[in-house]
Amino acid sequence: MLGAGFAPETVDRGLALGADVIAVDGGSTDSGPHYLGSGTAKTTAAAVARDLRVLLAAVAEAGVPLVVGSCGTSGTDSGVDWVAGIVEEILAERNHDLSVARIYSEQSPAHLKERLAAGAIHPLPPLGELRPETLDSCTHVVGMMGHEPIEAALRAGADVVLAGRATDTAVIAALPLTRGMPPGPVWHAAKIAECGGQCTTNPRSGGVFVTIDRDGFTIEPLDPAVSCTPTSVAAHMLYETVNPFRMREPAGTVDVSEATYHALDDRRVRVEGSRFEVAEQHTIKLEGARITGYQTTSFTGIRDPHILADVENWAALLRRVLAERVSQTLGLTEEEYATDIRLYGHNAILGDLDPATGPAREVGVMLLVNASDQATATAVAKIANPLMLHLPTPDMPHLPSLAFPFSPAETERGAAYEFVLNHVVDSETPTAMFRTEHRKATARA
């Protein structure tokens with residue numbers, strides 16, 4: 001991922017091996033809806049600039065294109081422009097004469113409502129039919145492009161392609177498909193290479209080098225101390241897929257059910273037998289996020305063995321007493337705000353799916369308050385403050401002392417977002433929903 005860092009020597013090695021394109025993903029939905037909802041990046045400008053300096057120097061030196069997908073984490077228009085601004089600064093500093101294409105993927109709710117009325121938007125499980133007001137509620141909606149807009153930018157002569165939201169595989173598949181490589185090996189190779197070193201024996205090793213031909217592809221790590229094995233390569237089809245043998249792209253479905261994996265040596269793996277089924281209808285997946293309220297959080301730590309012996313009942317008491325005091329103090333009903341209490345070190349992650357078998361030595365209590373405005377969320381959290389510091393169990397004749405790690409104990413998180421779109425829209429053409437701008441770098445005087 002752009003901004004996550006890599007060893008510059010691995011890029012040098014890729015160029016020495018004869019790379020035709022450098023592809024890197026710039027984002028993901030893995031970190032939740034905040035980045036799409038707010039239109040901000042999870043990576044820092046300094047980290048992105050550091051990686052881009054290495055990559056742009058490689059492009060200028062070797063004359064191969066660079067493709068970046070899902071710019072700015074979520075692929076919003078502002079994310080594309082943010083990355084483009086960093087690129088332009090670097091190109092100007094170094095007097096690199098490169099052409100940059102920006103591909104925008106944000107979607108107009110008005111246009112999408114027209115497509116919805118025409119019956120061209122369909123839900124993906126577990127969501128149901130889309131309602132027009134859901135589109136209006138989103139702060140940002142992006143369409144996840146396939147390879148076609150990227151291919152068009154490359155054909156138009158772009159040295160650097162900065163794409164909005166795109167499938168992880170599209171940034172890798174675009175140039176091989178432009179060169180006429182068969183789609184089965186191309187899409188399978190792109191899937192395996194999408195997370196770089198994750199398909200190797202050391203996931204932290206950085207990038208991989210893929211060679212695609214008419215019959216299949218060969219993959220190897222760019223770190224000479226790391227290996228690809230048949231197991232490490234085949235296993236990546238289990239990653240983020242509903243079906244480990246079939247994966248849908250906007251243009252169709254890659255089928256690896258008959259693929260074979262064998263080691264060429266102790267570092268390289270050869271894959272053959274992948275197929276691609278062209279879809280009857282090209283589709284674009286939609287992603288959208290909206291504000292669900294404003295959040296304030298608080299955290300305390302418990303070491304008291306008496307409380308920890310029945311910490312779930314203590315948490316239930318905290319919920320009950322907090323609701324009573326919020327009603328008394330603020331006059332709010334429980335429908336006007338929401339609280340989430342999680343017991344870290346006890347059951348905060350899996351809850352009842354993994355019942356605790358005994359008391360923990362210490363437990364962290366996280367309170368998350370969500371309300372329609374920030375002031376209300378913080379007011380509720382402040383009412384919880386003395387309870388999270390001194391709430392005794394009913395049979396305790398004294399006040400226990402728990403531990404706040406911060407002062408003040410309350411932290412305002414601002415707007416909270418949720419994903420509300422998991423739908424696809426029938427494409428009128430593979431590129432119709434996306435807008436491309438071409439610009440030439442301007443060197444500094």
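Ion pairing of Arg435 with Glu437 is absent here, as no side-chain N (NZ or NE/NH1/NH2) approaches a carboxylate O to less than 4.0 Å.
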In a table with atom names and distances, give each donor-acceptor pair under 3.5 Å that connects a side chain of residues 213-221 to protein atoms at least two apart or in another chain.
residue: Asp213; atom: OD1; partner: Asp215; partner atom: N; Å: 2.8
residue: Asp213; atom: OD1; partner: Gly216; partner atom: N; Å: 2.9
residue: Asp213; atom: OD1; partner: Arg270; partner atom: NH2; Å: 3.0
residue: Asp213; atom: OD2; partner: Arg270; partner atom: NH1; Å: 2.8
residue: Asp213; atom: OD2; partner: Arg270; partner atom: NH2; Å: 3.1
residue: Arg214; atom: NH1; partner: Gly180; partner atom: O; Å: 2.8
residue: Arg214; atom: NH2; partner: Gly180; partner atom: O; Å: 3.4
residue: Thr218; atom: OG1; partner: Arg270; partner atom: NH1; Å: 3.3
residue: Glu220; atom: OE1; partner: Arg267; partner atom: NH1; Å: 3.2

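Side-chain contact check for Val142 versus Ser74: every heavy-atom pair is 4.5 Å or farther apart. Side-chain atoms of Arg275 and Ser257, non-hydrogen and from C-beta on, do get closer than 4.5 Å to each other. Using a 4.5 Å heavy-atom cutoff, the side chains of Leu222 and Phe6 are not in contact.
Sorted by first and then second residue, the salt bridge (Lys or Arg N to Asp or Glu O under 4.0 Å) pairs with a member in residues 296-305 read Arg303-Glu362; sequence neighbours excluded. Within the structure, side chain to side chain donor-acceptor pair (under 3.5 Å) pairs that include any residue of residues 51-71 comprise Ser70-Arg165 (at least two apart or interchain).
Checking Ile302, Leu402, Val311, Ile307 one by one against Val365, the side chain to side chain contact (heavy atoms under 4.5 Å, CB included) holds for a single residue, Ile302. Screening Val210, Ile212, Val254 for a side chain to side chain contact (heavy atoms under 4.5 Å, CB included) involving Pro185 leaves a single residue, Ile212.
Other residues, nucleotides and ligands contribute at most 12 non-hydrogen atoms within 6.0 Å of the CG atom of Asp352.
Every salt bridge (Lys or Arg N to Asp or Glu O under 4.0 Å) that Glu151 has, sequence neighbours left out, goes to Arg155. Among residues two or more places apart in sequence or in another chain, the side-chain contact (heavy atoms from CB on, under 4.5 Å) test is passed with Ala45 by Trp82, Ile86. His282 is linked by a side-chain hydrogen bond (donor to acceptor under 3.5 Å, both in side chains) to Glu148, Ser427, counting only residues two or more places apart in sequence or in another chain.
Without hydrogens or angle criteria, Glu287 side chain to Gly143 main chain gives no donor-acceptor distance under 3.5 Å. Formation of a donor-acceptor pair under 3.5 Å by the Thr241 side chain with backbone atoms of Met237 is found in this model. Panel note: side chain Asp255, backbone Arg246; no donor-acceptor pair is recorded below 3.5 Å.
Here the CH2 atom belonging to Trp314 is positioned 7.0 Å from the CD1 atom belonging to Ile341, to the nearest 0.5 angstrom.
Note: His34 and Tyr417 have perpendicular aromatic rings, judged against thresholds of 30 and 60 degrees for the angle between ring planes.
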